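Structure first, commentary second.
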Amino acid sequence: MQNTIECMKERGIDISRQSSKGLSSIDLARIDYAIILEASLRDSIVLPSRRTQKLDWFVPDPVGQSIDVYRKVRDQIEVKVLDFIETIRKEN
């Protein structure tokens, strides 16, 4: 977790007080998009509504690797998030 915290801090984002909550704590009926980062989870997440879109953004899991791998994954996710925001803006 320390590499994740350090990596995000480099972008000015403090996640030191964040923790993983799991899907059971989320009301899936209220979400418009489910973004799947881990390929092995693709088929295990059942969405309650047809209006909820599942997006596959598979990225490597950096756990146990160097800080440089964390940075690469962070940067990949950042590009995907910015592209997603732009797509949503165009749709609305």
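Numbering starts at 1 and runs along the sequence shown. If you're wondering where the values come from, they're calculated on a predicted model, not measured in any experiment.
- S16 contributes atom OG, which lies 9.0 Å from atom CD of Q2 (distance to the nearest 0.5 angstrom).
- No continuous path of ILVMFWY side-chain contacts below 4.5 Å connects F58 to L55, so the two sit in separate hydrophobic clusters.
- Side-chain contact between R71 and E6: present, with at least one pair of heavy atoms (C-beta onward) separated by less than 4.5 Å.
- A continuous path of ILVMFWY side-chain contacts below 4.5 Å connects V59 to F84, so both sit in one hydrophobic cluster.
- Between Q76 and P60 the shortest side-chain heavy-atom distance falls below 4.5 Å.
- Between the CD1 atom in I13 and the CZ atom in R74 there is a gap of 9.0 Å [rounded to 0.5 Å].
- K21 places a side-chain N or O within 3.5 Å of a backbone atom of S19 that can act as its donor or acceptor partner.
- Taken from CG in D75 to SG in C7, the straight-line distance is 7.0 Å, to the nearest 0.5 Å.
- If you check the side chains of D68 and S66, you find no donor sitting under 3.5 Å from an acceptor.
- With side-chain heavy atoms closer than 4.5 Å counting as contact, directly or through intermediates, the hydrophobic cluster containing V63 also holds I67, Y70.
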Taking only distance into account, with no hydrogens and no angle test, what donor-acceptor pairs under 3.5 Å do side-chain atoms of residues 30-44 form with protein atoms, sequence neighbours excluded?
| from | atom 1 | to | atom 2 | distance (Å) |
| --- | --- | --- | --- | --- |
| D32 | OD1 | R51 | NH1 | 2.3 |
| E38 | OE2 | S40 | OG | 3.3 |
| R42 | NE | D56 | OD2 | 2.8 |
| R42 | NH2 | D56 | OD2 | 3.1 |
| S44 | OG | L41 | O | 3.0 |

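- In this structure, K54 places its NZ atom where more than 12 heavy-atom neighbours from other residues, nucleotides or ligands lie under 6.0 Å away.
- Linking ILVMFWY residues whenever their side-chain heavy atoms come closer than 4.5 Å, directly or via other members, places I88 and I85 in the same cluster.
- Linking Ile, Leu, Val, Met, Phe, Trp and Tyr whenever their side-chain heavy atoms come within less than 4.5 Å leaves M8 and I77 in two separate clusters.
- Sorted pairs that involve residues 80-92 and meet side chain to side chain donor-acceptor pair (under 3.5 Å), not counting sequence neighbours, are lacking altogether.
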